[in-house]
Number of protein chains: 2
Amino acid sequence: MAQARRYAGGVDGNRSLERGIEILRAFRPGVDTLGNGEIAERCGLPRSTVSRLTRTLVNSGMLDEVRSERAYRLAASVISIGHAMRTGSPVLNAIGPMMRAESAKRRLNVGLATADRTMMVYLESIRYSPRAALRNVVAGQQVPMELTSLGRAYLAGIAEVERERLLRLFKRRSAAATKALLADVRRSISAVERDGYCAVSWQPAVLAVATPIVLEGLPVYALNMSLQNVERSDALASEIGSYLNAFAAKCQEVLAGREPE
Amino acid sequence: MAQARRYAGGVDGNRSLERGIEILRAFRPGVDTLGNGEIAERCGLPRSTVSRLTRTLVNSGMLDEVRSERAYRLAASVISIGHAMRTGSPVLNAIGPMMRAESAKRRLNVGLATADRTMMVYLESIRYSPRAALRNVVAGQQVPMELTSLGRAYLAGIAEVERERLLRLFKRRSAAATKALLADVRRSISAVERDGYCAVSWQPAVLAVATPIVLEGLPVYALNMSLQNVERSDALASEIGSYLNAFAAKCQEVLAGREPE
DNA sequence: CAAGCATTTCCACTAAGTGGAATTAAGGGG
DNA sequence: CCCCTTAATTCCACTTAGTGGAAATGCTTG
């Protein structure tokens, strides 16, 4: 009767696989190990089912078993898949080197991100530091979409329906402050439409400016530039904004040329 | 009859999930996009099945659809999971900073890796360069186990049965040169047992020296130190080897102390 | 050593998943 | 412009693979 589709509420697809992926997703920075019980709770799955799925994930090399804690942690395979992703990303390949050059030239941080559900995930984040010895790349880090320039630029770049869907999600999650927050988000989106960029300081003394990168047939990305240890000022924001606009235009150009692969 | 276990030849677990993971694994550096047909071929699965599984992976955010090529590519989510893995790795957290310091002190590359099937995958790879501006971290990169110091040190660190299983796999794969290669691998393993480290130059002018890190209840890791643009010499190898042994001992100490979490 | 909690195994049930065949959609000449 | 080839997707009858509640097992703790 049921034809491998439309299981409890879902549209189409494979339930076990979906659940297995959800289990992998339950591991995030801050939760280094998870036991079957905790996974069952977080994912809303029966314990016996989780037990079987985690076993499979161990056999497939995605999880390591930590016997002593009766728990699991993400295995090294996941970073090799992550590495393959970065390697295969045409956008990152095309503009990664340009980002490094731009960071050095302008003496500020340059980042590239895209969405993972309601978070923005960095494909590349080049931290400028006068002492060049410090680490530069933090790929994979997530920041909240509603609160960051990156996220708001992304929202400005996607289709209206998708944007509204996401905004509804934010509303549902943050209980208070929602009204003011959503208004602020919409203001940032307007700013992108008007000026090409938006500026946000969600971290104490960091000023970040971002712009969307929209390409036919690819997910929407967002580029940002940021500076630490500065006071937020409109003048500074618009200076960085103009650098960013110029840089983004150059990126779009390169990407349009390379797109056919 | 069949109780969610022992499907065609397998021991136990969930077939769909296993297949889905295998699909993700089919993406590797060099193959940036894959169509359903090619996936079906590489994974040995029926096309209709692949079609359904890739759809699920897209819905779960692990794959992006590239409509223009009727193909898929890894989505950004996979690097956020990869990031979570690195963040949660107690070994990397404990000795990552030590590795950076050691690299600067000894002026050579320092790497940490573990196994993903028959490949070694870097959790961290710190490339020393007098001009500190160059990139330092290449996490997730894979190198072949049989050919590298890292891989051979790993082999020396694991249980005998597992080692023999892997050696059999290598034999099956590389048609020619097998005998000499396997002998060389065994020589490296003996070297580790005798000297604590093994030295290999699988890249033209690179000398690499590695040692295993064995900890109760964790996968076996391998640490390496390497130098570019040098002629291989036993004197140099043993000098680096002694640095490595000293460093590895310090790491083991720190890790033993931190292990209880 | 017993009691309590958590995880894994068991098992009857059946819906979820499968894969071959049919269908639809996308390039590629003629 | 339309037909033809090739590949992906959908259909659908079949049945096995997966499910989850209950029982059993295995740690841990007082």
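The chains referred to below are lettered A, B, ... by the order of the sequence lines, with proteins before strands, and numbering in each begins at 1. The structure displayed is predicted, hence computed values, not measured ones.
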Can you check whether Arg52(A) has a side-chain N or O nearer than 4.0 Å to OP1 or OP2 of dT19(D)? yes
Has Glu41(A) got more than 12 heavy atoms of other residues, nucleotides or ligands less than 6.0 Å from its CD? no
Could you list, one pair per line, each protein nitrogen or oxygen that sits under 3.5 Å from a nitrogen or oxygen of nucleotides 4-8 of chain D, together with the distance?
{"from": "dA8(D)", "atom 1": "OP1", "to": "Gly37(B)", "atom 2": "N", "distance (Å)": "3.4"}
{"from": "dA8(D)", "atom 1": "OP2", "to": "Gly37(B)", "atom 2": "N", "distance (Å)": "3.4"}
{"from": "dA8(D)", "atom 1": "O4'", "to": "Arg70(B)", "atom 2": "NH1", "distance (Å)": "3.0"}

Between Glu18(B) and Thr56(A), does the side-chain hydrogen bond (donor to acceptor under 3.5 Å, both in side chains) criterion hold? Intermediate values first, please. CA-CA 7 Å; Glu18(B) 202 163 282; Thr56(A) 304; 5.3 Å; no
Nearest-0.5 Å distance that lies between atom OG1 in Thr87(B) and atom CG in Leu92(B): 8.5 Å
With sequence neighbours excluded, tell me which residues meet salt bridge (charged side-chain N to carboxylate O under 4.0 Å, His left out) with Arg165(A). Glu162(A)
Rounded to whole angstroms, how far apart are CD1 on Ile23(B) and P on dG17(C)? 14 Å
Whichever of Glu65(A) and Leu45(B) has its nearest DNA chain C nucleotide further upstream toward 5': Glu65(A)
Counting only side-chain N and O atoms of Arg19(B), is one of them less than 4.0 Å from OP1 or OP2 of dT18(C)? yes
Thinking salt bridges, do Glu164(A) and Arg168(A) make one under a 4.0 Å N-O criterion? no
Side chain to side chain contact (heavy atoms under 4.5 Å, CB included) evaluation trace for Val58(B) with Tyr72(B): CA-CA 9 Å; Val58(B) 169; Tyr72(B) 302 91; 3.6 Å; yes
Which residues satisfy the salt bridge (charged side-chain N to carboxylate O under 4.0 Å, His left out) test with Asp116(B), sequence neighbours excluded? Arg25(B)
Without decimals, in angstroms, what is the distance between Arg15(B) CZ and dG17(C) P? 11 Å
Report yes if at least one side-chain N or O of Thr49(A) is closer than 4.0 Å to OP1 or OP2 of dG20(D); otherwise report no. yes
Using a cut-off of less than 4.0 Å, is there contact between a side-chain N or O of Asn14(B) and OP1 or OP2 of dT19(D)? yes
Interatomic distance where CZ belongs to Arg55(A) and P belongs to dT19(D) [whole Å]: 13 Å
Integer-rounded Å distance: dT16(D) C1' and Glu18(B) CD: 16 Å
Report which part of the nucleic acid Arg67(A) touches: base, sugar-phosphate, or nothing (heavy-atom distance under 4.0 Å, all strands). nothing
Distance below 4.0 Å between Ser16(A) side-chain N/O and dG17(C) OP1 or OP2: yes
